[in-house]
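Note on naming: letters A, B, ... go to the chains in the order of the sequence lines (proteins, then strands), and numbering restarts at 1 for each one.
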There are 2 protein chains.
Amino acid sequence: MTSYIEPLAQESTPSIIADKLRKAIGHGEFKPGAQIVEADLARKLGVSRGPLREGMQRLTQEGLLVSIRNRGLFVIDMTPQDIRDMYLAREAIERAAAFKILRDGDFETVGLALLAIVDQMAAADGDPAAVGELDIAFHELLVRLADSPRLSRMHRTSMIETRMCIHALEETYLATDARAIEHERLANAIRTGDVARTDELLSAHMDDAIERLVSR
Amino acid sequence: MTSYIEPLAQESTPSIIADKLRKAIGHGEFKPGAQIVEADLARKLGVSRGPLREGMQRLTQEGLLVSIRNRGLFVIDMTPQDIRDMYLAREAIERAAAFKILRDGDFETVGLALLAIVDQMAAADGDPAAVGELDIAFHELLVRLADSPRLSRMHRTSMIETRMCIHALEETYLATDARAIEHERLANAIRTGDVARTDELLSAHMDDAIERLVSR
DNA sequence: GGGGTTAACATTGTCGACAATCTACCTTTC
DNA sequence: GAAAGGTAGATTGTCGACAATGTTAACCCC
């Protein structure tokens, strides 16, 4: 039971803008490689260019946008090399998160929470978009439950990049059955507190994803 | 031998400002918890508040600054909890970097390069500031040689936070002999391609650091 | 004296305007 | 016809000014 009285943290405008941009990029509203034209976007968001630029700097820092001086900011284009690098980072983060949960968290509860998502995944059978969202939800939950601000922050960026990849593939990204099973195994490994198996499955899971994404 | 002809990437002003701020924070020029007053700093840097604010947003994204709406930006204050979390993230990154080097890099060359820093560490014996810098150089080199843009970007933030911790301690942070030996063992594990031992030493190294920093 | 109100100050948040730069197209010249 | 040069348009980079907000201290009332 958390208290109702807590410091109220009003988000700054740049931070809100950054969130909107992340969502837009993750959902393919801005295509990879596309230029973000400040004046247009500022008008659409109903703010001036100042706060918008500040928000965009955040995404630049995250590596979701790349800056070319006097030319503008562009959405990154995920090369196969980028995909590999992103999964390297993602695996590092998620392994650390899983490890922390197994070491000093309630891994049984976490495992059950993850299995709930797996159930939904099985229920959403056939719908690639829904399964994709649940896939992301699974990994987001895993890291969130590790209760690490830094891992969460880094992971958020990786998940946007993952979304970009999934979105770029659309239909091609299927094999929903196999994915549900992979996630179920992983959730169970965590639920039972099996460190070695969690490591192994997580690693294999990432390798599979890379394989699916780059060999196309 | 690299070519002299390569695309010239001019850094954007916010990016330069962000770099300067990171250095300033890492070297204790801005104390933890201190407010960054925009007008003052803009005057000192010789730019207007616009670009400065954009640069500061980058550090906010990195978690080095925290924003309180209508109040301003403040340098983070590293609580013991923060130190633990930072080392969790750092360990995740460095393990991934080491693992990548051992898997598909020239680990022997990397190990030797790291040993060169260890030698300097032994030579700088007694000078805590010098040893501290070499400690950081060691870990920066490790991650840089993994050749991963994402791990490098994430690691940079962690290293600023590490610097903050070291700087906050100043004199207390000694035991230079022990540190040189720890690093030497680690470098040798990498040089010989020993995955398990690298993992183990890296993990122990981080735990030691946490111990030194929080138990004060 | 404690609590509440008000006013002055400092700082941040936002905006519009201007300068600098790049791109693309057109013109000129050989 | 191809290359060099010039020009117009569009976009980003930067700045100064104003509005909004929060803080502090003085003052008043009970």
**Prompt:** Could Glu62(A) and Arg150(B) be called an ion pair, given the rule that one side-chain N must be under 4.0 Å from one carboxylate O?
**Reply:** no
**Message:** Run the side-chain contact (heavy atoms from CB on, under 4.5 Å) test against Phe138(B) and tell me which residues pass, sequence neighbours left out.
**Reply:** Leu114(B), Ile117(B), Val118(B), His183(B), Leu186(B), Ala187(B)
**Asked** With sequence neighbours left out, what residues match Ser148(B) under side-chain hydrogen bond (donor to acceptor under 3.5 Å, both in side chains)?
**Response** Asp85(A)
**Message:** Tell me whether Glu133(B) is salt-bridged to Arg163(B), with the criterion being a basic N under 4.0 Å from an acidic carboxylate O.
**Reply:** yes
**Request:** Could you tell me the separation between the CD atom of Glu54(B) and the OG atom of Ser67(A), rounded to the nearest 0.5 Å?
**Result:** 10.0 Å
Distances for protein N/O vs nucleotides 10-12 of chain D N/O pairs under 3.5 angstrom?
from, atom 1, to, atom 2, distance (Å)
dT12(D), OP1, Gln35(A), NE2, 3.4
dT12(D), OP1, Ile36(A), O, 3.2
dT12(D), OP2, Glu38(A), N, 3.3

**Complete:** Contacted region of DNA chain C by chain A, from 5' end to 3' end of the hits, cut-off under 4.0 Å to heavy atoms, spans dT14(C) to dT23(C)
**Message:** The criterion is side-chain contact (heavy atoms from CB on, under 4.5 Å); which residues satisfy it with Ala129(A), sequence neighbours excluded?
**Reply:** Asp127(A)
**Request:** Check ring-ring contact (aromatic ring centres under 6.0 Å, His included) between His155(A) and all other residues, then give those that pass, not counting sequence neighbours.
**Result:** none
**Prompt:** Counting any heavy atom closer than 4.0 Å, what does Ser12(A) reach on the DNA or RNA strands: base, sugar-phosphate only, or nothing?
**Reply:** nothing
**SB check Glu140(B) Arg144(B) (cutoff 4.0 Å)** = no
